[in-house]
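The analysis underlying the following values was restricted to heavy atoms, covering all of them including side chains, and did not include hydrogens, waters or symmetry mates.
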Amino acid sequence: MTFRINRRGVLAGGAAALSASALGLPGTAFGQETRLRLMWWGSQPRAERTFEVSNLFMEETPGVTIDGETVGWDDYWPRLATQVAGRNAPDIIQMDYRYIFEYARRGALAQLESYVPDTLNVSDFDQAALDGGSVDGSLYGISLGANSSAMMINMAAFEEAGIEIPDNSLTFDEMKRIGEEITKAGKRQNFYGLSDGSRVEPFFENFLRQRGKALYTEDGQLAFDAEDTREWFQLWADMRESKACVPPDMQALDKNQIETGMVSLGHAAVSYAHSNQLVGYQTINKDPIVMHAYPRVAPDAGGGHYRKPSMFFSVSAQCENPEAAAAYISFFVTDPAAAEILDVERGVPESSAVRESLAPKLDETGRAAVEFIGGLGDLAGPLPPPPPLGAGEIDKMLIRVSEEVAFGQHTPQSGAEAFVAEAESILSRG
């Protein structure tokens with residue numbers, strides 16, 4: 001699909017777009033037939049914003065055409081792996097922190113530092129943002145924004161049940177009680193207090209970090225054991241038994257997309273996502289959606305959150321014109337008009353100049369996303385070690401095993417033992 005929607009009139013009077021000459025490259029530098037394939041995962045609102053920015057870039061950069069494809073998270077990674085293996089990879093790849101190390105170390109991504117700063121302008125990025133996209137000392141990904149994991153709460157459903165949105169002192173015990181009360185209130189048909197979080201890796205990671213552990217060690221081994229996992233699975237088994245959260249057949253409808261989350265499908269008052277996804281959640285939900293940090297394991301426990309790159313843009317090692325791809329990425333993350341289109345849907349922009357230009361234009365949802373990142377307080381800690389090779393497979397395995405526990409094919413104990421054993425086997429293949 002090629003983006004050729006005329007948006008110039010919509011943007012008239014806004015901040016000036018970055019021209020090809022401002023990129024340091026004349027429009028003809030890429031030739032008259034330069035085509036770049038761009039692939040990303042995400043919701044329909046994300047697609048619409050990406051379409052607009054791609055069209056704006058093409059208007060400002062004659063001779064370059066952006067062809068795009070987008071799929072949901074679950075389908076994205078198998079498709080990308082197939083295309084990379086078949087030497088048909090997209091030129092510009094939306095990349096996740098979980099996978100960037102794996103793809104870079106396999107030689108699937110191009111090194112980007114040679115395009116900095118002439119083509120790829122990241123001069124006002126924090127060093128931590130650049131470090132997040134670096135692997136073994138080379139730059140492979142440009143962060144599209146900062147975010148943190150979060151709960152998405154249907155505020156209207158809480159109000160109907162007579163429950164106030166809690167503050168950041170919320171514990172798991174209190175969360176369970178709230179879930180039970182919303183379910184018991186019965187204000188909506190087939191409606192429960194909580195989504196089932198047992199399958200959500202960032203939630204599990206947050207739980208582990210509060211207990212002084214992590215998903216992975218610095219050398220790429222598991223940083224938790226079967227007992228940690230059993231306690232996690234048991235916590236959610238208790239939630240299901242008390243009907244604080246949705247039953248397993250309902251949760252199975254969730255395909256890791258905003259549109260299929262339990263809040264969006266109208267089955268629960270709470271779902272689990274990332275702070276940049278608030279924009280997408282609010283776009284497709286009529287009820288007001290607010291964000292909340294994950295609960296504490298105990299009242300005096302510190303939090304397990306951290307500020308992370310929401311996602312990156314990387315360039316394929318197979319790309320025939322990596323300079324043009326780098327120019328597109330630079331436009332995407334530094335152009336004021338592009339930033340106004342993108343808002344904070346992919347996270348709080350990493351460029352300080354973009355943040356400054358965007359701040360007065362944010363709506364209430366955008367401001368809430370920015371404030372959430374800044375208001376985590378003692379709930380936020382350092383960025384964890386990079387996920388090792390095989391981490392993506394383990395993430396998918398958590399979904400599978402947690403569902404097997406939920407449907408009674410495993411007890412929390414046997415499910416935990418099976419999960420840890422298989423995870424260790426995956427990591428041993430290295």
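- Note on Arg429 versus Glu422: no salt bridge recorded, every NZ/NE/NH1/NH2 to OD/OE distance being 4.0 Å or above.
- Judged by distance alone, with hydrogens and angles left aside, the side-chain atoms of Tyr76 form a donor-acceptor pair with the main-chain N or O of Met39 at under 3.5 Å.
- Other residues, nucleotides and ligands contribute only 12 or fewer heavy atoms inside 6.0 Å of the NZ atom of Lys243.
- Of the charged side-chain nitrogens involved, none lies within less than 4.0 Å of a carboxylate oxygen, so that Arg49 and Glu345 do not count as a salt-bridged pair.
- Looking at Thr229, its side chain does come within 3.5 Å of a backbone N or O of Asp225 through a donor-acceptor pair.
- Open room surrounds CD on Glu320; 12 or fewer heavy atoms of other groups in view lie less than 6.0 Å from it.
- We find that Glu201 and Arg98 are joined by a salt bridge, their nearest charged nitrogen and carboxylate oxygen being less than 4.0 Å apart.
- Formation of a donor-acceptor pair under 3.5 Å by the Arg209 side chain with backbone atoms of Gly304 is found in this model.
- When atom types are taken as modelled, the side chain of His305 and the backbone of Ala293 share no donor-acceptor pair closer than 3.5 angstrom.
- Not one N or O on the side chain of Asp126 forms a donor-acceptor pair closer than 3.5 Å with the backbone of Ala128.
- Asp228 pairs by the side-chain hydrogen bond (donor to acceptor under 3.5 Å, both in side chains) definition with Arg211, Lys213, not counting sequence neighbours.
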- Start with the C-alpha distance between Gln221 and Tyr216, add both sets of side-chain angles, then the distance that settles side-chain contact (heavy atoms from CB on, under 4.5 Å), and finish with yes or no. CA-CA 5 Å; Gln221 302 302 310; Tyr216 303 106; over 6 Å; no
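- With salt bridges taken as basic N to acidic carboxylate O contacts below 4.0 Å, none links Glu181 and Lys176.
- Below 30°, between 30° and 60°, or above 60°: for Trp73 and Trp41 the angle between ring planes is above 60°, a perpendicular geometry.
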- Glu403 vs Gln251, side-chain contact (heavy atoms from CB on, under 4.5 Å): CA-CA, chis, key distance, verdict: CA-CA 9 Å; Glu403 286 185 348; Gln251 185 63 56; 6.0 Å; no
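- Here the side chain of Ser195 pairs no donor or acceptor atom with the backbone of Gly197 at under 3.5 angstrom.
- Asp287 has a carboxylate O that lies under 4.0 Å from a charged side-chain N of Arg188, or vice versa, which qualifies the two as a salt bridge.
- Side chain to side chain, Ser425 and Ser428 fail the donor-acceptor criterion of an N or O pair below 3.5 Å.
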- Derivation and outcome, side-chain hydrogen bond (donor to acceptor under 3.5 Å, both in side chains), residues Ser330 and Tyr115: CA-CA 10 Å; Ser330 187; Tyr115 303 107; over 6 Å; no
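- Distance CD/Glu404 to NE2/His410: 4.5 Å, rounded to 0.5 Å.
- Across all their heavy atoms, Leu80 and Pro90 have their closest contact at CD1-CD, 3.9 Å.
- Residue Glu356 qualifies as open at atom CD: its count of foreign heavy atoms under 6.0 Å is 12 or below.
- Between Leu170 and Ile178 the shortest side-chain heavy-atom distance falls below 4.5 Å.
- Between the side chains of Asn285 and Ser264, at least one donor N or O sits under 3.5 Å from an acceptor N or O.
- A salt bridge links Asp254 with Arg199: at least one charged nitrogen is closer than 4.0 Å to a carboxylate oxygen.
- Pro295 and Asn206 get closest at one heavy-atom pair: O-OD1, 4.4 Å.
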- Task: Starting from the C-alpha separation in whole Å, work towards a yes-or-no answer on side-chain hydrogen bond (donor to acceptor under 3.5 Å, both in side chains) for Ser148 and Ser275.
- Result: CA-CA 6 Å; Ser148 182; Ser275 56; 5.9 Å; no
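- Paired with Asn276 under the rule side-chain contact (heavy atoms from CB on, under 4.5 Å), one option of Leu144, Asn147, Val344 passes, and it is Asn147.
- Remark: Gln127 CD is packed, more than 12 non-hydrogen atoms of other residues, nucleotides or ligands lying under 6.0 Å away.
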- Verdict with reasoning, Phe313 to Ile93, per side-chain contact (heavy atoms from CB on, under 4.5 Å): CA-CA 6 Å; Phe313 270 164; Ile93 302 168; over 6 Å; no
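- Using bins of under 30°, 30° to 60° and over 60° for the plane-to-plane angle, the ring pair Phe204/Phe419 lands in the perpendicular bin.
- The two atoms that bring Met291 and Ala368 nearest to each other are CE-O, 3.7 Å, heavy atoms only.
- For the residue pair Gln210 and Phe172, the shortest heavy atom distance occurs at NE2-CE1, 4.5 Å.
- Closest non-hydrogen pair, Gly193 versus Thr183, comes out as N-OG1, 2.9 Å.
- With a 4.5 Å cut-off on side-chain heavy atoms, Met262 and Leu253 count as touching.
- Aromatic ring pairs are classed by plane angle as parallel below 30°, tilted from 30° to 60° and perpendicular above 60°; the pair Phe207 and Trp232 is tilted.
- Side chain of Asp124 to backbone of Ala353: a donor-acceptor contact under 3.5 angstrom is found.
- The nearest pair of heavy atoms linking Ala380 to Leu376 is CB-CB, 3.9 Å.
- Classification of Arg400 and Asp395 as a salt-bridged pair fails, no side-chain N sitting under 4.0 Å from a carboxylate O.
- Between the side chains of Glu259 and Ser43, no donor N or O sits under 3.5 Å from an acceptor N or O.
- Residues Gln282 and Thr365 have side chains that never bring a donor and an acceptor to within less than 3.5 angstrom of each other.
- Taking the side chain as every heavy atom from C-beta outward, Ser54 and Leu38 approach each other to under 4.5 Å.
- For an aromatic pair to be called close, the ring centres must be under 6.0 Å apart, and Tyr192 with His267 fails this.
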- Item | Worked verdict on Tyr306 versus Glu205 for side-chain hydrogen bond (donor to acceptor under 3.5 Å, both in side chains) | CA-CA 11 Å; Tyr306 54 90; Glu205 180 184 36; 2.8 Å; yes
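- When ring centroids are compared, Phe312 and Tyr140 stay outside the 6.0 Å threshold.
- The six-membered or imidazole ring of Phe203 lies near that of Trp236, with a centre-to-centre distance under 6.0 Å.
- Of the N and O atoms on the side chains of Ser242 and Arg177, not one donor lies less than 3.5 Å from an acceptor on the other residue.
- Side-chain contact check for Val270 versus Met152: every heavy-atom pair is 4.5 Å or farther apart.
- Between Glu69 and Arg37 a salt bridge is recorded (basic side-chain N to carboxylate O distance below 4.0 Å).
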- Task: Would you please test Asp173 and Thr171 for side-chain hydrogen bond (donor to acceptor under 3.5 Å, both in side chains) and show each step?
- Result: CA-CA 5 Å; Asp173 287 343; Thr171 64; 5.2 Å; no
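- Pairs passing the ring pair (Phe, Tyr, Trp, His ring centres under 6.0 Å) check and including a residue from residues 88-111, sequence neighbours excluded, read Trp77-Tyr99, Tyr97-Phe101.
- Checking side-chain atoms of Ser138 against main-chain N and O of Gln111 turns up no donor-acceptor pair under 3.5 Å.
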- Report the C-alpha distance between Leu398 and Val200 in whole Å, list the side-chain angles of each, state the deciding distance to 0.1 Å, and finish with yes or no for side-chain contact (heavy atoms from CB on, under 4.5 Å). CA-CA 8 Å; Leu398 176 63; Val200 181; over 6 Å; no
